[in-house]
Amino acid sequence: MPKVVDPQARRDEVVDAVFRVVRRAGLEHASLRNVAEEAGLAIGSVRHYFAGHTEMMVFAMRASVERVSARLEAHVAPLLARQGADERAEGVELMLSELLPLDERRRDEATVWLAFTMAARTHPELRPHAEEAYDGMRRLVGRIIGGIARQRPLRGNAGVETERLCALIDGLTVEGVLHPDRMTPELMTLALRRHLETLTEPGP
């Protein structure tokens, strides 16, 4: 009796193989053949689920965004349930930490995401997904800044503070990927915490 294969599970296997190739050798080496070999599949099996290299790359990029988004979404309810300024500040820090390369999983995700983002500059098929993620992060951060402002007056303009926080996250991510020995998880966490602490006017 032929083996029944779950198409979504097989696509996820291929995506994981794409990520491993990109982490190890860069996006330019994530060919159909190399990805099939990494996944332990015949290239024909990969072509069965993806019409070509472009479709595979687009699917992998969307999967990268969806995985991080799912983890961020998991923080929403616990954050809303927190009582008091200190508890909510801790919840905000935990949520935003999902975007930073603080452990092996998140560092690998950030490495892959930076590769995709750079490729989107010259590959129009990837650009909409990079823009969607870019806009999504700013909406998330904007909502966080708005929530903070409802608890205590901001030191600056909400729009500017949103961009400043996004720029900090972007910068820490790049430094954490390129210089992990210098931009350590502890330093990234402290930088984020300190920035969040300086967003608002001192309490009474």
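In this chain, residues are counted from 1 in sequence order.
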**Student:** So does Arg23 have more than 12 non-hydrogen atoms from other groups sitting under 6.0 Å from CZ?
**Tutor:** yes

**Student:** According to a 4.5 Å side-chain heavy-atom criterion applied to Ile, Leu, Val, Met, Phe, Trp and Tyr, with indirect links allowed, do Met183 and Leu114 form part of one hydrophobic cluster?
**Tutor:** no

**Student:** Is there a path of hydrophobic side-chain contacts, each under 4.5 Å between heavy atoms, that joins Leu190 and Leu196?
**Tutor:** no

**Student:** Counting only heavy atoms from other residues, nucleotides and ligands, does the tally under 6.0 Å from CD of Glu73 exceed 12?
**Tutor:** no

**Student:** According to ring-ring contact (aromatic ring centres under 6.0 Å, His included), does anything in residues 59-87 pair up with another residue at least two apart or in another chain? List the pairs.
**Tutor:**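 Matches after skipping sequence neighbours: Phe50-Phe59.
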
**Student:** Under the side chain to side chain donor-acceptor pair (under 3.5 Å) definition, can you give me all pairs with a residue in residues 114-126, not counting sequence neighbours?
**Tutor:** Trp113-Thr117

**Student:** With sequence neighbours left out, which residue pairs that include part of residues 97-106 fulfil the salt bridge (charged side-chain N to carboxylate O under 4.0 Å, His left out) condition?
**Tutor:**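 For residues 97-106: Arg71-Glu98, Glu98-Arg105, Asp103-Arg106.
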
**Student:** Identify the heavy atoms of Ala30 and Met56 that sit nearest to each other, and give their distance.
**Tutor:**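 Distance-wise, the nearest heavy atoms are O-CE, 3.7 Å.
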
**Student:** For Asp16, enumerate each residue passing the side chain to side chain donor-acceptor pair (under 3.5 Å) test, keeping only those at least two apart in sequence or located in another chain.
**Tutor:** Arg67

**Student:** Let me check something: any side-chain donor-acceptor pairs from residues 172-179 under 3.5 Å, sequence neighbours excluded? List them with distances.
**Tutor:**
from, atom 1, to, atom 2, distance (Å)
Thr173, OG1, Leu99, O, 3.3
Thr173, OG1, Ile169, O, 2.8

**Student:** Going only through I, L, V, M, F, W and Y residues with side-chain contacts under 4.5 Å, is there a path from Val14 to Ile43?
**Tutor:** yes

**Student:** Under the 3.5 angstrom rule, does the side chain of Arg155 hit a backbone N or O of Leu199 as a donor-acceptor pair?
**Tutor:**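 Checked: no pair found.
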
**Student:** With sequence neighbours left out, which residue pairs that include part of residues 37-53 fulfil the salt bridge (charged side-chain N to carboxylate O under 4.0 Å, His left out) condition?
**Tutor:**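 For residues 37-53: Arg20-Glu38, Arg24-Glu38.
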
**Student:** I need the minimum non-hydrogen distance between Val15 and Ala63, along with the two atoms involved.
**Tutor:**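 Val15 and Ala63 have their closest heavy atoms at CG1-CB, 3.9 Å.
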
**Student:** So which heavy atom on Leu140 is nearest to which on Met95, and how close?
**Tutor:** CD1-SD, 3.8 Å

**Student:** On the ring face of Tyr134, is Arg138 found with NZ or CZ under 6.0 Å from the centre and within 45° of the axis?
**Tutor:**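 Yes, Arg138 sits over the ring of Tyr134.
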
**Student:** Under a 3.5 Å distance rule, please check whether Thr198 uses its side chain to pair with a backbone N or O of His195 as donor and acceptor.
**Tutor:** yes

